[in-house]
Protein chains: 2
Amino acid sequence: MNKKNATIYDISKKLNISVATVSRALNDHPRISVATKELVAKTAKEMNYKQNNLAKALKSGETKNVGIIVPYVNTNFFSSVIRGIEEELSPFGYHVIICQSHEEVNIERGHLNTLMNAQVDGVFMSVSRTTVDTEHIRSILDTSNTPIIFFDRKKDIPGISTVTIDDYRGGYIATEHLIREGCKNICHFSGDLNLEIYRNRLNGYKQALADHGFQVKEENIIPTGSSIEAGVEAIKKLWDRKSIPDAIFSASDFAALGACQELKKKKIRIPQEVAVIGFSNEPFTQFMELPISSVDQTPVMMGKMAGQVFLENIKENSSGISIEKKVVLTPQLHIRKSSKRK
Amino acid sequence: MNKKNATIYDISKKLNISVATVSRALNDHPRISVATKELVAKTAKEMNYKQNNLAKALKSGETKNVGIIVPYVNTNFFSSVIRGIEEELSPFGYHVIICQSHEEVNIERGHLNTLMNAQVDGVFMSVSRTTVDTEHIRSILDTSNTPIIFFDRKKDIPGISTVTIDDYRGGYIATEHLIREGCKNICHFSGDLNLEIYRNRLNGYKQALADHGFQVKEENIIPTGSSIEAGVEAIKKLWDRKSIPDAIFSASDFAALGACQELKKKKIRIPQEVAVIGFSNEPFTQFMELPISSVDQTPVMMGKMAGQVFLENIKENSSGISIEKKVVLTPQLHIRKSSKRK
DNA sequence: TTGTAAGCGTTATCAT
DNA sequence: ATGATAACGCTTACAA
């Protein structure tokens, strides 16, 4: 037995009035008598009428859906950004459609296309690691006026608004904090310097040192991956060189964790002998026996800001203008035991 | 300047053929000549034609969208289930729409309605904590044939398929593991026993004890919340009673972590004096200096299974039948340092 | 092999 | 205050 939804046409037939009247009554149109409005509302409820937003969208050109493309949804960072976007847009009647690129530009391209086919009103994306050529993104801009918003992992494409955090500042405040705690010889675990975000964190580190009268020593900048093992290896390398510093600013929480593990193994006390600070404020940093200081990227806020940028964009679009926005959020320092010397 | 999408009508005009032919050519209809197909495909690309799935959906009654309602997206468990659903359904052309209930039944109801208005082809949900009355869910079942699938947090509603894990078995294997490690006096931190999942874990614990010839002592069952603090408090209580056990099976990883922290503070060695095992396999459990054993709920697999149940459901629906499915997943034991005595 | 036209459920523009 | 009708972009009988 197939259950068919009631339509405004069904209501109009039952009530012997036109569909136009029903539609207007349902939409609280000013020039419809209160009596009919009430009657329509009542019978609509009786017949269990549900508005078909598909038909509405086809007519209006607005689906009230936005797409989000992320590498994976189940990381703290990305799921938190998604949460922020959903919370910002939900009150305005928007729904968010989630796609995972699996760090594959081909999948990313496919998702972008089907999202456009689905007539979404906007697309939020953090590009995949394999996204070098950005033609698939640019072409959307050329052929539609659906706004695209980059968050965190951006590409420089004219006409696309971005929401990121100030990684430079993040590197700066983390390093400055270590200096203020009395550290004199601060190492940096850098992450993949091919990525802009890591280069920015490094530059913040350098500037903070310079501003406080320290020399930047190249041997103190250790290229380190974003894994626990990478952190372990980095410490081993420093140990072998007999150049354990008195502080480490790691561009990754996971590497910071690995460093802590290996330092402990070598009976080096944290933070007394080596102060440690990471980046991202992963949930685990606060649960450790020795909680790790970290720089928070405020991902929920990032999502909310991205949502706001989208809403403004939509408003501008309808009035013809279109301003590219660049929102840069301020990273938040979370000081914990691993770096507190005083 | 507004960019309008090309339609099949535009193509038909340009090529002086009918829209029907264009539509059929684009859909690779068998009775269309190869020549026209190629011609249409070529000009479609030239004109940058994008299919409007809205119109298609309005016609076919299939949006290829499914909705997911969870309390929050940014927890490891829920974001992992979402990942599983997306990965299972994406190859079949489905998109997933995410909604957060914020544990509020009113918001949940609202989302459910707008999802139905959006004509989704199915809804996956984990009910909010405040969902007692389930009328809003039942009414969907009565008035549409859109399948609803519960995962993890289910309600018993005839006609709704569910995907859950076997919490009873989870409690059983965790307890049995502790017994096999030689523990003789095993405490249970129970979680909120108003919730079915926690009652099941407790029952598994009891049965395992019984099966191995141990008596179940009521004083060994400690009602404990799902937070770090709750775990700390539970240990303090046991300490005051002078009844520290030789093992703890906690129904929550967070409470297990709190227990570990407090035990350490009291200089009680883990696992030698007290073995500890938690539940959920939260990411942090493996990152600790003393990694915590835990029972994994296989959330990604749960999502994938839910996706499969949906696909089967859709297939059955179209052929008239409709079988309610109850998938129960097997929890996975992850043995780590905190419970390894041998 | 291709064309004509109806229909999916709305909203909006004319009329009345 | 209400009605008739076209339109949104597509698919699909039914014809030719």
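Chain letters run A, B, ... following the sequence lines, proteins first, then strands; residues in each count from 1. Values below: every heavy atom of this structure, side chains too, minus hydrogens, waters and symmetry copies.
- No engagement by K37(B) is indicated, since no non-hydrogen atom pair under 4.0 Å with the nucleic acid exists.
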Protein-nucleotides 12-16 of chain D N/O pairs closer than 3.5 Å?
| residue | atom | partner | partner atom | Å |
| --- | --- | --- | --- | --- |
| dA13(D) | N6 | R24(B) | NH1 | 3.4 |

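- Look at E196(A) and R153(A) and you find no salt bridge, because none of the NZ, NE, NH1 or NH2 atoms lies under 4.0 Å from a carboxylate O.
- Between Y9(A) and the phosphate of dA4(D), there is no side-chain N or O to OP1/OP2 separation shorter than 4.0 Å.
- Using a 4.0 Å heavy-atom cutoff across all strands shown, L54(B) reaches no nucleic acid atom at all.
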* To do: Kindly determine whether H111(A) and S101(A) satisfy side-chain hydrogen bond (donor to acceptor under 3.5 Å, both in side chains), including the steps that lead there.
  => CA-CA 8 Å; H111(A) 280 315; S101(A) 69; over 6 Å; no

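- Ring pair H102(A)/Y72(A) is tilted by interplanar angle, where 30° to 60° counts as tilted.
- Along DNA chain C, the nucleotide nearest S33(B) and the nucleotide nearest Q51(A) are compared for position; the residue whose nucleotide lies closer to the 5' end is S33(B).
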Could you tabulate the donor-acceptor pairs under 3.5 Å formed by side-chain atoms of residues 36-43 of chain B, not counting sequence neighbours?
| residue | atom | partner | partner atom | Å |
| --- | --- | --- | --- | --- |
| T36(B) | OG1 | S33(B) | O | 3.1 |
| T36(B) | OG1 | S33(B) | OG | 2.3 |
| K37(B) | NZ | D28(B) | OD1 | 3.1 |
| K37(B) | NZ | H29(B) | O | 2.9 |
| T43(B) | OG1 | L39(B) | O | 2.9 |
| T43(B) | OG1 | V40(B) | O | 3.1 |

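- One atom, NZ of K13(B), and another, P of dC10(D), lie 13 Å apart when rounded to the nearest Å.
- What separates CG of N117(A) from P of dG9(D) is a distance of 14 Å, to the nearest Å.
- The nearest whole Å value for the distance from the CG atom in N53(A) to the P atom in dC8(C) is 18 Å.
- Which of dC10(D), dT2(D), dG3(C) sits closest to the side chain of I32(A) comes down to dT2(D).
- The interatomic distance linking R31(B) (CZ) with dT11(D) (C1') rounds to 15 Å, in whole Å.
- Within 4.0 Å of T36(A), counting heavy atoms only, lie sugar-phosphate atoms of the nucleic acid but no base atom.
- With rounding to whole Å, D28(A) atom CG is found 13 Å from dT11(C) atom P.
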